[in-house]
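Following: one structure in structure tokens, then a few remarks.
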Amino acid sequence: GVALTGEEAGNYSFDTTAEIGKANIDRKVLTGKADVANKTYDGTTTAQLSDLGLIGVVDGDEGKVTGTGTTGAFVDKNAGTQKSVTGSGVALTGEEAGNYSFDTTAEIGKANIDRKVLTGKAEVASKVYDGGTTAQLSDLDLVGVVDGDEGKVTGTGTTGAFTDKN
């Protein structure tokens with residue numbers, strides 16, 4: 001607060017209720033932690049969040065501001081382990097939410113993007129019984145490639161295996 005000092009201070013009082021200036025009170029930026037579900041590669045960065053907790057809420061405001069949203073974003077769309085995820089779809093609600101903002105670019109958790117398993121179709125050449133299971137393939141097409149990745153992944157090879165030698 002303001003105090004008066006000096007030789008004549010005893011002759012004065014200070015009105016602490018009077019406006020003496022203006023300033024902004026900026027929103028406090030919060031981050032969070034959440035459980036992030038692992039997923040199979042789907043060509044997107046979308047991540048699913050649960051058990052969202054906020055970090056940085058001022059004492060006394062607990063329960064008066066909460067994080068909502070179940071969507072985050074992986075750092076990229078590619079398969080990998082322990083990939084960083086942000087809370088891109090998180091919003092704040094509650095009676096004190098207006099005093100805060102949420103950093104949607106900060107890491108909120110980590111999860112894996114597993115490789116997508118593909119199958120294929122090919123022309124398989126008939127053969128004369130030779131006691132082996134080797135099959136000759138041609139015109140291999142991949143099945144299950146994610147939209148947008150067509151032509152960016154191809155299958156190679158000309159041999160396969162029959163399920164048995166007969």
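Quick note: residue numbers are just sequence positions, from 1.
Residues Leu92 and Gly67 share a closest heavy-atom pair of CD2-CA, 4.2 Å. Scanning all heavy atoms of the two residues, the minimum distance from Leu142 to Val153 falls at CD1-O, 3.9 Å. Scanning all heavy atoms of the two residues, the minimum distance from Val145 to Glu150 falls at CG1-N, 3.9 Å. Across every non-hydrogen atom of Ala111 and Ala37, the tightest pair is CB-O, 3.7 Å. Across all non-hydrogen atoms, the minimal contact from Gly69 to Leu52 is O-CD2, 4.4 Å. Heavy-atom minimum distance, Val36 versus Ala47: CG1-CB, 4.1 Å.
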task: Run the numbers on Phe162 and Thr134 for side-chain contact (heavy atoms from CB on, under 4.5 Å), then give the verdict.
output: CA-CA 6 Å; Phe162 287 101; Thr134 301; over 6 Å; no

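Between Gln82 and Asn112 there is a side-chain heavy-atom pair separated by less than 4.5 Å. Counting heavy atoms from C-beta on, the side chains of Leu49 and Val90 come closer than 4.5 Å. Proximity of Tyr41 to Asp114: side-chain heavy atoms (C-beta onward) are nowhere separated by under 4.5 Å.
With respect to Asp42, the side chain to side chain donor-acceptor pair (under 3.5 Å) criterion is satisfied by exactly one of Thr46, Thr45, Thr44: Thr44.
A continuous path of ILVMFWY side-chain contacts below 4.5 Å connects Leu54 to Val58, so both sit in one hydrophobic cluster.
A distance of 11.0 Å separates NZ of Lys83 from NZ of Lys77, quoted to the nearest 0.5 Å. Atom CZ of residue Phe14 and atom CD1 of residue Ile20 lie 5.0 Å apart, to the nearest 0.5 angstrom. Note: Glu95 CD to Thr66 OG1 = 10.5 Å, rounded to the nearest 0.5 Å. Atoms CG and CD1, on Asn38 and Ile113 in that order, are 9.5 Å from each other to the nearest 0.5 Å. Atoms CG and CG, from Asp61 and Leu30 in turn, are 9.5 Å apart once rounded to the nearest 0.5 Å. If you take CZ on Phe74 and OG1 on Thr86, they are separated by 10.0 Å, rounding to the nearest 0.5 Å.
Judged as a side chain to side chain donor-acceptor pair (under 3.5 Å), and not counting sequence neighbours, the contacts of Lys127 are Asp130.
Checked by atom type, the side-chain pair Glu123/Ser138 shows no donor-acceptor distance below 3.5 Å.
The number of heavy-atom neighbours closer than 6.0 Å to OH of Tyr12, taken from other residues, nucleotides and ligands shown, is 12 or below.
Under a 3.5 Å cut-off, the side chain of Arg27 and the backbone N or O of Gly98 do form a donor-acceptor pair. Remark: the backbone N or O of Gly56 is paired with a side-chain donor or acceptor of Lys28 at under 3.5 angstrom.
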